[in-house]
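Just follow the structure's listing: the first ligand is 1, and inside any ligand the first atom is 1.
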Amino acid sequence: MSVKSVRNICCIGAGYVGGPTMSVIAAHCPYIEVNVVDINEKRIRDWNSPNLNDLPIFEPGLDKLIAKCRDVNLFFSTNVESCIASADVIFISVNTPIKKKGLGAGFTSDLKWVESSARQIAKFSEGHTIVVEKSTLPVKTAETIKNILDASVEARTDSLDNQQNKTYSIISNPEFLAEGTAITNLENPDRVLIGGEDMQAIELISDIYKNWVAPEKIITTNIWSSELSKLVANAFLAQRISSINSISALCEATGANIQEVSIAVGTDTRIGNEFLNSGPGFGGSCFKKDILNLVYLCRYYGLSEVANYWENVVRINSWQQNRISKLIIKNLFGTLSDKRIAILGFSFKANTNDTRESPSINISKDLLLEDAKLCIYDPKVSKDKIFGEFEEMHGKDSLKVCESAYEACKEADAVILLTDWIEFKNLDWNKIFIDMRKPAWVFDTRILLNKKYLNQLGFKVWTLGSS
Ligand code: UDX
Ligand code: ADP
């Protein structure tokens, strides 16, 4: 049995991947009904909010797509059962965080949400269904999904009263979008990767993308290559960041300048100039998780040298965050007790409200442990989300979430710039200086601000990667 053409898509998971991806598919494929389902009722309510500022995720350009497609051919609901039943294609876009306990804890992804999605598909799907892995997953997850689906089909053919003819094709179609530029990345991808064994299913998924992506950009592989390529692409990107961050420390020690070095190195076309911006370490839901999955996989296959090589990319990332915390403490006379510190930026990068693995979290926690009083401001991250990151910490009275950068910086001893939001560049730094306690420090971990100008205003300035 097979699907002749795709008319109905169900996406399980209305998060940072599912929401934007399905909005772009809906916008380019008006003949397809796209249903995005989630078990989180509040999230679905927010996706359906008439006020587009209330969408659960902030992503430039997303609001326009939602305005165009929502309730036309794009629907957000909690109707998991019926949307699975009517789907020709089901995308699994659920969360896959690192396991907190048990076998592989701290390294491999927790697949419980993937497993529960597969069980729901097994239960409610009808006829032939193409199941697409969209979430970032460990290699060989497709096999897990296939096993769950096959087991349920076998169980059904045994039972006489429930002889439904369910069949499945499993496809891996990893997501390469970066948050903050998700819509642009989806609209104009470098490539679309589709892995699988069933050529007809690969063709049908390709046909969806061909509505707006040039055919030569669509790469087809076997399923394991597709799953592994996603991990490797993220590992390579993260490795570049750890490489440049390691050199930022050397620049500070030697008098070289990391931005000058980045330009000099990146203009070699063999190296390329992207992902060479030194900063407080990479954050986001993917890089650390994907590398740790790669490390786990290598160890599983006895490749300990390969595992150690990649694990060091994550180690350098933690080291970079930690050395920034230490350096702040050292410059503020070795104690933060009763000092007021403004944290500018809490998301893991600009143009997103996502805080997963944000360097701001670790650095803020380090400073709180030194008894600092933190005033945090981020243009898009909500108060609740910021407080939520410190839930298990004592001393939450030392934490204030502010409505503006000016409020956060008022009477502060130091400002730590941690996210590259452009609004921080355009602040009235003279006003901030006047309102701060002296000596007024700025620690610019994103190399966003004009050091010379700030020095002229009277600030003491530490900029990453230069002396
Ligand atoms: C990443 C991958 O880019 C994307 O392809 C994949 O699908 C998901 O993971 P994302 O985590 O959303 O995307 O953002 P990205 O732009 O890659 O940034 C990740 C982190 O690296 C951020 O904390 C960012 O600030 C940091 N970064 C990025 C740097 O420190 N320097 C750089 O030069 C680039
Ligand atoms: P990502 O960045 O990968 O998109 P998110 O955490 O933003 O991750 O989104 C994943 C979404 O998947 C969450 O909103 C979560 O509620 C949803 N989800 C997890 N498991 C299921 C499930 N079995 N059925 C429906 N939705 C699910």
Subject >> side-chain hydrogen bond (donor to acceptor under 3.5 Å, both in side chains) assessment of Glu133 paired with Thr141 >> reply: CA-CA 9 Å; Glu133 304 179 302; Thr141 305; 4.6 Å; no

**OP:** Give the atoms of ligand 2, by number and element, whose distance to some non-hydrogen atom of Ser93 is under 4.0 Å.
**Re:** 10 (C)

**OP:** Report yes if Ala14 has an N/O atom closer than 3.5 Å to an N/O atom of ligand 2; otherwise report no.
**Re:** no

Original post:
If you measure from atom 6 (O) of ligand 2 to every heavy atom of Ile39, Asn95, Asn40, which option wins on shortest distance?
Top reply: Asn95

Subject >> Glu392 bridged to Lys365 by N-O distance under 4.0 Å >> reply: yes

Original post:
For ligand 2, is Asp38 a contact, meaning one of its heavy atoms is under 4.0 Å away?
Top reply: yes

Original post:
Which part of Arg356 is near ligand 2, with near meaning a heavy atom under 4.0 Å away: side chain, backbone, both or neither?
Top reply: side chain

Original post:
How about Trp429 and Phe424: are their ring centres within less than 6.0 Å of each other?
Top reply: no

Subject >> Any donor-acceptor N or O pair under 3.5 Å, side chains Tyr16, Thr352 >> reply: no

Original post:
Considering only heavy atoms from C-beta outward, does the side chain of Glu252 approach that of Leu327 to under 4.5 Å?
Top reply: yes

Show me the donor-acceptor pairs, under 3.5 Å and distance only, between side chains in residues 75-82 and residues at least two apart or in other chains.
residue	atom	partner	partner atom	Å
Ser77	OG	Asn79	N	3.1

Original post:
Should Ser347 and Trp421 be marked as a side-chain hydrogen bond (donor to acceptor under 3.5 Å, both in side chains) after you check the CA-CA gap, both sets of side-chain angles, and the distance that decides it?
Top reply: CA-CA 9 Å; Ser347 56; Trp421 286 103; 3.3 Å; yes

Original post:
What about Ser116: any of its N or O atoms under 3.5 Å from an N or O on ligand 2?
Top reply: yes

Subject >> Protein heavy-atom partner closest to atom 3 (O) of ligand 2 - residue, atom, separation in Å >> reply: Val17 CG2, 3.8 Å

Original post:
Just wondering, do Tyr296 and Lys99 contact through their side chains at under 4.5 Å, heavy atoms?
Top reply: no

Original post:
Taking C-beta and beyond as the side chain, do Thr108 and Leu103 meet within less than 4.5 Å on heavy atoms?
Top reply: no

**OP:** Look at atom 18 (N) of ligand 2 and say which protein heavy atom is nearest, naming residue and atom and giving the distance to 0.1 Å.
**Re:** Val94 CG1, 3.7 Å

Subject >> N-O pairing of Arg299 and Glu311 below 4.0 Å >> reply: yes

Original post:
What atoms of ligand 2 come closer than 4.0 angstrom to any heavy atom of Gln120?
Top reply: 22 (C), 23 (N), 24 (N)

Original post:
Which is closest to atom 9 (O) of ligand 2 in terms of heavy atoms, Arg43, Glu115, Lys289?
Top reply: Arg43

Original post:
Any side-chain heavy atom of Met22 sitting closer than 4.5 Å to one from Leu74?
Top reply: yes

**OP:** Go through ligand 2 atom by atom and flag the ones less than 4.0 Å from a non-hydrogen atom of Ser117.
**Re:** 23 (N)

Can you list every pair where an N/O of ligand 1 is under 3.5 Å from an N/O on the protein?
residue	atom	partner	partner atom	Å
ligand 1	5 (O)	Phe176	O	2.8
ligand 1	7 (O)	Glu175	O	3.1
ligand 1	7 (O)	Leu177	O	2.9
ligand 1	7 (O)	Lys230	NZ	3.3
ligand 1	12 (O)	Glu179	N	2.7
ligand 1	14 (O)	Lys349	NZ	3.2
ligand 1	16 (O)	Lys349	NZ	2.7
ligand 1	23 (O)	Gly283	N	2.9
ligand 1	23 (O)	Phe348	O	2.9
ligand 1	25 (O)	Arg446	NH1	2.8
ligand 1	25 (O)	Arg446	NH2	3.4
ligand 1	31 (N)	Asn277	O	2.7
ligand 1	33 (O)	Leu276	N	3.4
ligand 1	33 (O)	Asn277	N	2.9

**OP:** Kindly indicate whether the side chain of Pro280, heavy atoms from C-beta on, has any atom under 4.5 Å from the side chain of Asn362.
**Re:** no

Subject >> Numbering as shown, the atoms of ligand 2 that approach Gly15 to under 4.0 Å (heavy-atom distance) >> reply: 4 (O), 5 (P), 7 (O), 9 (O)

Original post:
What class does the angle between the rings of Trp441 and Phe443 fall in, given that below 30° is parallel, 30 to 60° is tilted and above 60° is perpendicular?
Top reply: parallel

Original post:
So which heavy atom in the protein is nearest atom 20 (N) of ligand 2, and how far is it from that ligand atom?
Top reply: Trp113 CD1, 3.3 Å

Subject >> Proximal ligand 2 atoms for Ile12, defined as those under 4.0 Å from one of its heavy atoms >> reply: 22 (C), 24 (N), 25 (C), 26 (N)

Original post:
Quick one: does ligand 2 sit under 4.0 Å from the side chain of Ser135, the backbone, both or neither, non-hydrogen atoms only?
Top reply: neither

